[in-house]
Amino acid sequence: MDFIAQERDRLLRSTTRVVGVTCALVSVVGIVASLAVPLVPLLGALACIAVLIAALLVFGTNGSTWWTALALASGLGALALLLFGTDPEVRAVVASAVVPLAAGSLSAPLMAQRGAPVGLAMTIVAGVLAVGVVVWASGGPLSGPTAGVVLGWVLVAVVAVWIARSIPRVARRIQSIGTAHRAERQASETEAQRRQGARLLHDTVLATLTLLAHSGVGVSEQAMREQAAEDARLLRHLRLGATPQPQQSGDYSLTRVEESPLGQTLESVKQRFGRMGLEVSWHGTGQVLLPSNVLDAFLLALGECLENVRRHAGVGEAHVTIVHDQETVRAMVTDAGVGFDLEAVSAERLGFKESVVNRLREVGGDAKLFSAPGSGTTVVLEAPR
């Protein structure tokens, strides 16, 4: 509100300056063009008008009551010299020429006297004097110059009252809009805090469940380091231009060649199951190149076998032996677990049949299963090269 009041007062002072100076210059043009005022009163009146203009210019930036008094006094002095210093025959002509001065320049300070009762009183007194002088010089209250002066003062008074009443209403409207904006912002901040609290609660519950799932121990430092190494390797492949080609959830081929080294992929499988608690011992061939579709099927089958060992064998170690010749690569997955009777397990419960054998047979391979109660399990996987 204070800022709006300051801007309002500055606007009114600027308007006072523009209206007062413009009307004074118009009167000067009319007085000089009439050629009805003697030289000495004319020079005195022009000097008073110059003082009036200077006082209005300073009042536009200062707004002091003293500058208001100086402007009104110099304007009344100019009227007195022009109307009382001319012959009665041409006095009515001069009265018409000074209408802008009496109606505009002297009434302009009325707009900027809000909160200044002394300046307002001086402006009203000056207006009464100006109207009286013009009535006397023009020959009556119903003359044209008198009507012009009165009309000018009425218009300025109406504008002053309208501005004085409308600006506070606008200020209150702006304040209400600001209040609504602050309320909306506070509501948004409250909603953001609520969502942050819900997210924090979710993360806390998730962390608690993770600790419970790991028997209160949490993920080991070594497992975290291995996972970070795997992530770094993935990012390195992506940075070098490899494009992920997902075959199923969690399995990606990240090499751009048609054949991939089996040794690197087997090492990643070993590390993945090592993080889950199953130690995998590798034997046999170190590097074998396989086509990408055969490699995907072979690794899927190998991962399914190791997952069955981890879940059902009851041991923490599995052995994988890789051998190959010119046409076939074979992997034997062996564990010393509890084993089972193949005849006693229905085909529906051997999910291994559908998820492994069918996939290998699609690429020309095969799988065989050997197991006995108490003697562990051996799975032989075959894939063409």
Side-chain angles (χ1 to χ4, degrees), residues 12-60 65-113 119-160:
L12 292 177
R13 290 196 302 269
S14 300
T15 306
T16 297
R17 177 178 57 195
V18 172
V19 173
V21 172
T22 302
C23 292
L25 294 177
V26 171
S27 290
V28 168
V29 174
I31 293 167
V32 174
S34 66
L35 301 176
V37 183
L39 182 59
V40 176
L42 178 61
L43 294 177
L46 293 178
C48 291
I49 292 175
V51 174
L52 169 66
I53 293 175
L56 290 175
L57 291 176
V58 178
F59 178 79
T65 305
W66 295 104
W67 295 112
T68 302
L70 180 60
L72 295 175
S74 58
L76 290 175
L79 285 179
L81 290 173
L82 292 173
L83 295 179
F84 290 103
T86 58
D87 297 332
E89 293 80 7
V90 295
R91 190 171 293 157
V93 177
V94 178
S96 299
V98 299
V99 168
L101 177 65
S105 298
L106 293 179
S107 64
L110 187 65
M111 293 184 291
Q113 301 305 318
L120 180 62
M122 290 190 299
T123 305
I124 294 175
V125 171
V128 173
L129 293 177
V131 172
V133 172
V134 172
V135 169
W136 171 79
S138 61
L142 300 179
S143 62
T146 302
V149 173
V150 173
L151 179 61
W153 277 86
V154 171
L155 290 177
V156 172
V158 171
V159 171

Value for SG (C48) from CG (L43), rounded to nearest 0.5 Å, stands at 11.0 Å
Would you please name every residue forming a ring pair (Phe, Tyr, Trp, His ring centres under 6.0 Å) with W136, sequence neighbours left out?
-> F84
Roughly how far, to the nearest 0.5 Å, is the CD1 atom of I49 from the CG atom of L56?
-> 11.5 Å
What's the shortest heavy-atom distance between S74 and A71, and which atoms?
-> OG-O, 2.9 Å
Residue pair T15 / V159, side-chain heavy-atom distance below 4.5 Å | no
Rounded to the nearest 0.5 angstrom, the CD1-CG distance for I31 and L81 is 10.5 Å
Note, T123 side chain near W153 side chain (heavy atom, < 4.5 Å) | yes
Report the distance from atom CG of L82 to atom CG of L46, rounding to the nearest 0.5 Å.
-> 7.5 Å
When every non-hydrogen atom of S105 is compared with those of A24, the smallest separation belongs to OG-N, 3.0 Å
Report the C-alpha distance between L79 and L106 in whole Å, list the side-chain angles of each, state the deciding distance to 0.1 Å, and finish with yes or no for side-chain contact (heavy atoms from CB on, under 4.5 Å).
-> CA-CA 10 Å; L79 285 179; L106 293 179; 3.6 Å; yes
Evaluate the criterion side-chain contact (heavy atoms from CB on, under 4.5 Å) for residue pair L101 and L52; output intermediate values, then yes/no.
-> CA-CA 10 Å; L101 177 65; L52 169 66; 3.5 Å; yes
Separation between CG of L120 and OG1 of T68, rounded to the nearest 0.5 Å | 10.5 Å
Main-chain N/O of A108 paired to T16 side chain as donor or acceptor, under 3.5 Å = yes
Measure across A130 and A102 and return the closest heavy-atom pair with its distance rounded to 0.1 Å.
-> CB-CB, 4.3 Å
Check the pair I53 / L25 against side-chain contact (heavy atoms from CB on, under 4.5 Å), numbers first and verdict last.
-> CA-CA 9 Å; I53 293 175; L25 294 177; 3.8 Å; yes
Closest heavy-atom pair and its distance - G104, V19 | O-CG1, 4.2 Å
